[in-house]
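In what follows, a structure is listed as structure tokens, so that the remarks can point back to it.
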Amino acid sequence: MEANIAYYCLHKLHKWPHEFLGLSRYEKAVVIAAIEMKMKNDKIEAARAKRKRG
């Protein structure tokens, strides 16, 4: 799981994986929660856009 989040941080947040991996347990939890919320919202927006096109 941490590797996937570190990958996301690199490509989407432009942060090096070691920056994420160096965070405290609680800071990692905040980052992970924020990424999960963004991914959920992105999925909802994609579904809306698909409905409008379709």
Side-chain angles (χ1 to χ4, degrees):
M1 169 95 167
E2 278 190 356
N4 291 338
I5 299 298
Y7 178 83
Y8 184 92
C9 287
L10 176 64
H11 289 282
K12 297 292 184 178
L13 305 177
H14 307 289
K15 297 289 182 190
W16 290 105
H18 75 270
E19 292 178 284
F20 169 74
L21 296 172
L23 297 174
S24 73
R25 179 179 172 194
Y26 300 104
E27 290 170 323
K28 285 181 187 176
V30 169
V31 171
I32 291 168
I35 290 171
E36 287 176 347
M37 286 175 53
K38 171 141 179 45
M39 290 172 63
K40 180 181 174 186
N41 289 335
D42 288 352
K43 187 175 181 179
I44 291 168
E45 288 300 318
R48 284 184 188 155
K50 186 177 180 181
R51 275 197 312 265
K52 286 183 181 180
R53 283 183 271 146

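This is a predicted model, so every value here is computed, not measured.
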Distance-only criterion, 3.5 Å: show the donor-acceptor pairs between side-chain atoms of residues 11-23 and protein atoms not counting sequence neighbours.
{"unit_1": "Glu19", "atom_1": "OE1", "unit_2": "Trp16", "atom_2": "N", "d": "2.7"}

Output side-chain donor-acceptor pairs under 3.5 Å for residues 46-54, partner residues at least two apart or in another chain, one line each.
{"unit_1": "Arg48", "atom_1": "NH1", "unit_2": "Glu45", "atom_2": "OE2", "d": "2.8"}
{"unit_1": "Arg53", "atom_1": "NE", "unit_2": "Ala49", "atom_2": "O", "d": "3.4"}

>> Quick check for you: to the nearest 0.5 Å, what is the distance between Asn41 atom CG and Lys38 atom NZ?
In response: 8.0 Å
